[in-house]
Amino acid sequence: MKLRNTQQQLVNWLKSNPCKTELEIVQQCFGDRTRDKKHADLIRRALYTGKIDRVRVKFHDRDTRKLYRYFVK
């Protein structure tokens, strides 16, 4: 049976793989090489319903970029 891209699949994966970026989630959890609106919407819905949370991390050595790291509450 093929797994569907669901919020529950995301939550289960983040429980065993915390503190991942959006790109890492898409590549490792969903097995997709590109980020698209479908995956962004799925992560956003899980975030707004309170199933997952994120923290903003600033790296000084990477052009002062700020990345979000996602995890399960």
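We're numbering straight along the sequence, starting at 1.
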Residues in side-chain hydrogen bond (donor to acceptor under 3.5 Å, both in side chains) with [X], at least two apart?
X	result
Q28	none
N12	Q8
D41	K37, R44

Minimum-distance pair of heavy atoms, taken over all atoms of C29 and Q9: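 Distance-wise, the nearest heavy atoms are O-NE2, 3.6 Å.
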Side-chain heavy-atom pair E22, Y70 within 4.5 angstrom cut-off: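 Side chain of E22 against side chain of Y70, heavy atoms only: contact under 4.5 Å found.
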Heavy-atom side-chain proximity of K73 to I52 below 4.5 angstrom: no
So, taking the atom named [atom1] in [X] and the one named [atom2] in [Y], what distance separates them when rounded to the nearest 0.5 Å?
X	Y	atom1	atom2	answer
R54	F71	CZ	CZ	11.0 Å
K20	I43	NZ	CD1	13.5 Å
L42	Q7	CG	CD	6.0 Å
K51	L14	NZ	CG	12.5 Å
F30	K38	CZ	NZ	8.5 Å
L10	I25	CG	CD1	5.5 Å

Co-membership, hydrophobic cluster, residues V55 and L67, 4.5 Å side-chain: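 Yes, V55 and L67 fall within the same hydrophobic cluster.
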R69 side-chain N/O to C19 backbone N/O, donor-acceptor pair under 3.5 Å: yes
